[in-house]
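Reckoned from all heavy atoms, side chains included, excluding hydrogens, waters and symmetry mates.
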Amino acid sequence: GAVVSQHPSRVICKSGTSVKIECRSLDFQATTMFWYRQFPKQSLMLMATSNEGSKATYEQGVEKDKFLINHASLTLSTLTVTSAHPEDSSFYICSASSGANVLTFGAGSRLTVL
Amino acid sequence: RKEVEQDPGPFNVPEGATVAFNCTYSNSASQSFFWYRQDCRKEPKLLMSVYSSGNEDGRFTAQLNRASQYISLLIRDSKLSDSATYLCVVNPFSGGYNKLIFGAGTRLAVHP
């Protein structure tokens with residue numbers, strides 16, 4: 001079946017630094033990928049839709065200059081958390097469309113900002 | 001009002017019990033409905049889609065009531081391995097565009 005690889009699975013960084021998270025579709029091409037964020041005991045919140053070859057579409061309240069998304073190829077999307085702060089600590093999960101109404105999720109990246 | 005609402009639980013049930021989860025959604029134009037399962041600190045995984053006529057997959061039965069904007073999941077003969085958070089998920093878009101809206105999840109704990 002379809003596999004989405006997400007890296008790193010866990011990252012700890014200092015406040016003010018930037019962190020890049022990669023999301024790769026391993027055996028299929030994904031023109032669209034989605035980035036979610038999940039705080040403890042809360043639902044997954046869609047942050048943005050990553051579109052191959054064009055700008056990402058951000059959800060209301062998500063700062064595009066803080067959460068940089070690049071989808072340069074059909075198998076790779078990256079999310080960069082710029083100037084990270086402790087309140088950005090969260091579980092970030094990507095997903096990719098592997099068919100109509102079929103989403104495959106990456107294993108998630110747990111970010112801790114000290 | 002949240003787009004997808006669920007009872008957060010937790011539901012603590014013994015092995016072999018039958019348990020039901022409910023979910024309501026606010027967008028009456030929503031097209032597709034799913035139940036996902038999420039284990040602690042893991043990514044969500046698709047459990048089953050929910051069809052208008054209702055559908056069953058082994059011990060799991062899903063129902064959809066479009067008029068009431070209500071979705072349910074019934075788990076029969078609960079196993080210890082069923083312990084997880086169950087996420088009600090709605091796709092308000094048609095045409096295969098997979099922008100999913102997640103509920104906050106209902107936590108299930110099955111004990112011996």
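- Residue B/Tyr51 places its OH atom among 12 or fewer non-hydrogen atoms of other residues, nucleotides or ligands, all under 6.0 Å distant.
- Crowding of B/His111 atom NE2: a count of heavy atoms from other residues, nucleotides or ligands under 6.0 Å exceeding 12.
- B/Ile71 is connected to B/Leu73 through a chain of hydrophobic side-chain contacts under 4.5 Å among Ile, Leu, Val, Met, Phe, Trp and Tyr, so both are in one cluster.
- From A/Lys41, atom NZ reaches atom OG1 of B/Thr85 across 10.0 Å, with rounding to the nearest 0.5 Å.
- Side-chain atoms of A/Arg10 and B/Arg41, non-hydrogen and from C-beta on, do get closer than 4.5 Å to each other.
- Side-chain contact between A/Ile93 and B/Pro44 is present, with at least one heavy-atom pair separated by less than 4.5 Å.
- Contact tally against chain A (heavy-atom pairs below 4.5 Å) for B/Lys45, B/Arg107, B/Gln38, B/Lys42: the top residue is B/Gln38.
- Both B/Ile75 and B/Leu47 are members of a single hydrophobic cluster when ILVMFWY side chains are connected at heavy-atom separations under 4.5 Å.
- With a threshold of 4.5 angstrom between heavy atoms, A/Gln6 does not approach chain B through any atom at all.
- In the displayed structure, A/Glu22 atom CD is contacted under 6.0 Å by more than 12 heavy atoms of other residues, nucleotides or ligands.
- Residues of residues 104-114 of chain A that come closer than 4.5 Å to chain B, counting heavy atoms only, are A/Phe105, A/Gly106, A/Ala107, A/Arg110, ordered by residue number.
- For the atom pair A/Met45 CE and B/Phe102 CZ, the distance stands at 11.0 Å (nearest 0.5 Å).
- Here B/Asp7 pairs with nothing under the salt bridge (Lys or Arg N to Asp or Glu O under 4.0 Å) rule; sequence neighbours left out.
- Atom CD of B/Glu43 sits about 9.5 Å away from atom SG of A/Cys94, to the nearest 0.5 Å.
- If you chain together hydrophobic residues whose side chains sit under 4.5 Å apart, B/Tyr86 and B/Phe11 fall into the same group.
- Summarising the geometry of B/Gly103 relative to A/Ser43, their closest heavy-atom pair is O-CB, 3.1 Å, with the distance given to 0.1 Å.
- Using a 4.5 Å heavy-atom cut-off against chain B, the contacting residues of residues 84-91 of chain A are A/Phe91.
- Proximity of B/Tyr36 to A/Leu103: side-chain heavy atoms (C-beta onward) are separated by under 4.5 Å at one or more points.
- In A/Lys66, the NZ atom is crowded: over 12 heavy atoms of neighbouring residues, nucleotides or ligands sit closer than 6.0 Å.
- There is a path of hydrophobic side-chain contacts, each under 4.5 Å, that joins B/Leu108 to B/Phe60.
- B/Leu64 and B/Trp35 fall within a single hydrophobic cluster, where Ile, Leu, Val, Met, Phe, Trp and Tyr are joined by side-chain heavy atoms under 4.5 Å apart, directly or via other members.
- Looking at A/Leu46, the atoms closer than 4.5 Å to chain B (heavy atoms on both sides) all sit in the side chain, from C-beta outward.
- Against chain B, no residue from residues 72-82 of chain A qualifies, as none has a non-hydrogen atom under 4.5 angstrom away.
- Distance check: A/Leu44 CG to B/Leu100 CG gives 9.5 Å after rounding to the nearest 0.5 Å.
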